[in-house]
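Take a look at the structure below.
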There are 2 protein chains.
Amino acid sequence: MLTSSQQQLLRVISESGPLSRTVLAASMGLSKAAMSGITRDLISLGVLHETETIYGQGRPSILLDLHPEGAFFVGISLLEDPAPMVLSDFNGNIIARQTMPLSRDPEIIAELIAEALPKLLAEREDIARKLSGIGIALSGFVDEKQASCVQSTLLGWKDVPLASIIRQKTGIDTFIENDAKAVAVSEKLFGSTRDAQNFSVVSFDDGIGCAHFVGGKLYRGNHGGAGEIAHCTIEANGSPCRCGKRGCLDTVASMKAIKEMARAEGLACNSLNDLEAEASLGNAAAIRILHRAGSALGLAIAHLIQFNDPGMILITHVEGRFDGLFGTVMRQAAEANVLPRYAGQTPIRTQRVDGDVWARGAASIAAHNFLIGPSPN
Amino acid sequence: MLTSSQQQLLRVISESGPLSRTVLAASMGLSKAAMSGITRDLISLGVLHETETIYGQGRPSILLDLHPEGAFFVGISLLEDPAPMVLSDFNGNIIARQTMPLSRDPEIIAELIAEALPKLLAEREDIARKLSGIGIALSGFVDEKQASCVQSTLLGWKDVPLASIIRQKTGIDTFIENDAKAVAVSEKLFGSTRDAQNFSVVSFDDGIGCAHFVGGKLYRGNHGGAGEIAHCTIEANGSPCRCGKRGCLDTVASMKAIKEMARAEGLACNSLNDLEAEASLGNAAAIRILHRAGSALGLAIAHLIQFNDPGMILITHVEGRFDGLFGTVMRQAAEANVLPRYAGQTPIRTQRVDGDVWARGAASIAAHNFLIGPSPN
DNA sequence: GACAATAAGTTCATGAATTGAACAAATCAA
DNA sequence: TTGATTTGTTCAATTCATGAACTTATTGTC
């Protein structure tokens with residue numbers, strides 16, 4: 001276990017990138033003397049290492065960064081079958097991949113992970129020794145200790161202590177997290193929102209997820225439900241949703257909904273790109289669908305901005321393009337529905353991610369727990 | 001200035017009420033030995049005092065509580081003319097009231113405060129000595145140091161460093177805050193949400209304000225704009241709003257909007273009660289207005305729940321009743337627009353407040369800064 | 001090329017916050 | 001009255017961080 005100063009240092013470096021001891025001391029409000037000792041410890045632990053030397057006036061400064069090989073993590077996504085499994089280093093780089101069959105039985109899942117681990121680590125003894133945690137991403141609600149799944153419709157779970165079951169079977173520290181929250185953590189730790197303190201990540205895929213960072217920390221909500229924007233009512237008296245309400249964002253703007261609407265209009269549509277192509281050829285139905293979906297997502301994002309004033313909104317998507325009609329309408333709707341004085345003040349960025357998102361997000365949960373430790377509440 | 005352990009202790013007591021040294025030590029993760037010293041210091045500072053003695057098995061425990069007369073604060077609301085001004089103790093009790101004329105000139109405001117202070121403190125020399133801060137509530141955006149008003153339409157301000165101007169003129173530590181955020185802080189410090197970590201306060205009055213507490217701390221948003229729900233679009237293509245958009249919550253559900261709608265229908269309406277009375281007599285127009293307003297507010301609150309999963313929503317209102325048609329429809333709409341599985345999970349409480357809300361909120365900002373200190377970012 | 005100027009990072013005695021262990025104090029229960 | 005129990009205090013020991021002096025490694029200048 002690391003001291004709180006050590007954790008603070010790791011967090012600062014993780015947010016700002018490589019820094020010299022002197023800069024670190026200043027930005028943490030500690031003396032150079034203290035920093036000297038803290039960095040020495042972390043370097044000898046193998047977590048930190050010296051990188052570039054910066055020459056200026058006076059003695060050159062040596063930048064310190066997280067040692068990519070300081071620790072390794074396994075991330076598993078329980079969102080697909082077979083379940084993807086990745087081995088990640090401290091920078092979020094993926095070293096190896098595996099898959100394992102998906103099960104709904106937590107004991108079997110633990111068993112399958114225990115079986116798949118050696119394959120993932122095959123001929124990597126040095127890495128195996130530094131394996132510091134397993135992260136699991138799943139669809140559902142997770143308790144604040146990231147140990148137990150409170151509720152998952154997809155997996156049919158209620159109060160399943162998955163983390164401890166896996167820990168018992170594998171002997172490795174394990175943490176679980178909601179899929180969208182895991183993606184947000186991986187963006188904060190490894191991605192493009194490292195230095196942001198307040199932001200929301202919207203994950204756009206078959207479903208729509210969202211997670212908030214507040215004050216540099218993941219805000220999970222009082223019941224772990226913060227960010228569940230998919231079921232906010234966006235169209236009064238809209239289409240019925242499988243959740244029981246009507247007009248949920250999920251019924252209009254998720255990739256699943258878009259595909260279904262396209263199919264209902266007799267359009268062959270396997271991806272957003274297909275529909276965008278149709279729209280650019282002037283197909284009225286395609287244009288209508290994209291317009292409706294984009295407006296809905298934009299309105300939800302506008303609400304997010306009005307309610308929470310995040311410093312940035314990052315939309316991650318597996319689907320190809322976000323610069324077509326859908327993306328444009330989405331941005332316009334977002335701008336049009338925030339207080340005009342503040343329109344454009346909140347950057348909305350889109351970022352294409354690959355099929356490893358969920359598993360990488362899962363790994364980042366383990367990395368986060370290693371780096372920062374459990375939340376001090 | 002207090003040490004961080006002293007502040008932590010004050011925060012714990014402020015959240016939980018009177019506690020014994022042993023319980024305090026346990027809940028803060030410190031040793032009894034450390035607690036002995038910390039409490040001794042705070043008692044001799046006059047901030048803490050021993051209250052009830054609890055008898056059980058073993059040596060009785062002595063509960064410690066904030067000393068109500070440990071410090072006093074002045075709160076001023078710049079929302080009305082004349083501006084109300086209160087003197088508050090450590091418990092939020094109002095010791096004295098005054099008013100002062102409202103001005104838009106920060107120098108004149110500081111002057112007026114400096115003049116009004118002696119009147120507020122007249123013949124209370126002991127209190128004057130312990131006056132520990134001035135808080136100001138205003139409509140607009142405030143920077144994160146609670147020192148400068150970034151923007152206020154009502155006052156016509158842009159980047160006005162009001163706090164330092166007042167501090168200079170009066171010699172007393174001064175902090176400013178947005179009106180809705182100040183009310184939320186006073187509820188957290190003095191009111192009914194003391195022990196809640198995550199909650200939102202919706203202040204319902206001529207306008208609608210809102211503020212969020214996340215992890216026990218006020219979340220101000222990246223530009224200080226968190227909680228500005230009044231201008232989220234709630235009715236697609238609704239009535240034009242003075243902000244430039246259409247269908248803002250403010251155009252349908254604020255007391256001002258309700259009164260205007262009633263007037264437009266030829267109804268004599270000076271308060272919510274008037275309209276509720278008409279509605280209960282079967283007046284169709286009154287029923288329509290209350291229904292529309294209640295649905296809108298309920299939908300906004302449902303969004304709040306879906307987006308942020310707060311542990312509680314507290315609606316403060318000056319207007320008389322929230323148990324009539326308006327309140328009922330509001331609650332129904334809120335329930336109907338959250339994920340059905342979670343309907344009813346988030347308590348929505350309403351609380352009538354008196355005309356001192358804003359000034360008391362302002363005082364609580366000063367108290368908060370004394371108690372907890374500035375946020376460590 | 002020597003030497004000042006400059007800035008990074010280390011060392012070490014000092015001080016502050018906290019702890020563990022022993023102890024004193026104040027009660028209830030038998 | 002004695003023992004059990006729990007609160008709260010005292011004090012030497014420990015940990016964490018500091019300030020000041022020092023070492024190290026450069027650039028810039030004469």
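Everything numeric in this text was worked out from a predicted model, so none of it was measured. To find a chain, count down the sequence lines: A is the first, B the second, and so on, and within it residues start at 1.
- With sequence neighbours excluded, the residues satisfying side-chain contact (heavy atoms from CB on, under 4.5 Å) with Asp143(A) are Lys145(A), Ala147(A), Ser148(A), Val150(A).
- A straight line from CD1 of Ile38(A) to P of dT15(D) spans 15 Å, rounded to a whole angstrom.
- Heavy atoms of Thr39(A) sit nowhere under 4.0 angstrom from any nucleic acid atom.
- Against DNA chain C, the stretch residues 54-62 of chain A makes heavy-atom approaches under 4.0 Å through Gln57(A), Gly58(A), Arg59(A), Pro60(A), Ser61(A), Ile62(A).
- Applying the ring pair (Phe, Tyr, Trp, His ring centres under 6.0 Å) rule to Phe190(A) yields no partners; only residues at least two apart in sequence or on another chain are considered.
- With 3.5 Å as the limit, one finds a donor-acceptor pair spanning the side chains of Asn308(A) and Asn308(B).
- In terms of the ring pair (Phe, Tyr, Trp, His ring centres under 6.0 Å) criterion, Phe175(B) has no residue partners (sequence neighbours excluded).
- The backbone N or O of Gly224(A) sits less than 3.5 Å from a side-chain atom of Lys181(A), completing a donor-acceptor pair.
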Practice item. Report the C-alpha separation of Asn222(A) and Asn198(B) in whole Å, then their side-chain angles, then the decisive distance to 0.1 Å, and conclude whether the side-chain hydrogen bond (donor to acceptor under 3.5 Å, both in side chains) test is met. Key: CA-CA 6 Å; Asn222(A) 212 62; Asn198(B) 306 303; 3.0 Å; yes

Using atom names, set out every protein N or O paired with an N or O of nucleotides 10-13 of chain D below 3.5 Å, distance rounded to 0.1 Å.
from, atom 1, to, atom 2, distance (Å)
dT10(D), OP2, Arg40(B), NH2, 3.0

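- Contacts of Asp195(A) classified as side-chain contact (heavy atoms from CB on, under 4.5 Å), with partners at least two apart in sequence or in another chain: none.
- Partners of Phe199(B) under the ring pair (Phe, Tyr, Trp, His ring centres under 6.0 Å) rule, at least two apart in sequence or in another chain, are Phe213(B).
- Across the protein-nucleic acid pair, Leu30(B) atom CG and dG8(D) atom P stand 15 Å apart, rounded to whole Å.
- A donor-acceptor pair shorter than 3.5 Å can be found between the side chains of Gln146(B) and Asn369(B).
- With hydrogens and angles disregarded, no donor-acceptor distance shorter than 3.5 Å links the side chain of Ser36(B) to the backbone of Lys32(B).
- Contact annotation for Ser31(A): base contact, defined as any heavy-atom pair under 4.0 Å involving a base atom.
- Within 6.0 Å of the CD atom in Gln168(A), the count of heavy atoms belonging to other residues, nucleotides or ligands does not exceed 12.
- For residues 45-69 of chain B, the side-chain hydrogen bond (donor to acceptor under 3.5 Å, both in side chains) pairs, not counting sequence neighbours, are Arg21(B)-Glu50(B).
- By the ring pair (Phe, Tyr, Trp, His ring centres under 6.0 Å) test, Phe72(B) pairs with no residue at all, sequence neighbours left out.
- Chain A approaches DNA chain C within less than 4.0 angstrom (heavy atoms of the protein), and the contacting nucleotides run 5' to 3' from dT6(C) to dC12(C).
- Under 4.0 Å is where a charged nitrogen must lie from a carboxylate oxygen, and between Arg194(B) and Glu187(B) no such pair does.
- Rounded to the nearest 0.5 Å, atoms CG (Asp41(A)) and CG (Leu48(A)) are 10.5 Å apart.
- Of the residues in residues 41-50 of chain A, none has a non-hydrogen atom less than 4.0 angstrom from any atom of DNA chain D.
- Residues from residues 11-20 of chain B lying near DNA chain C, meaning a heavy-atom separation below 4.0 Å, are absent.
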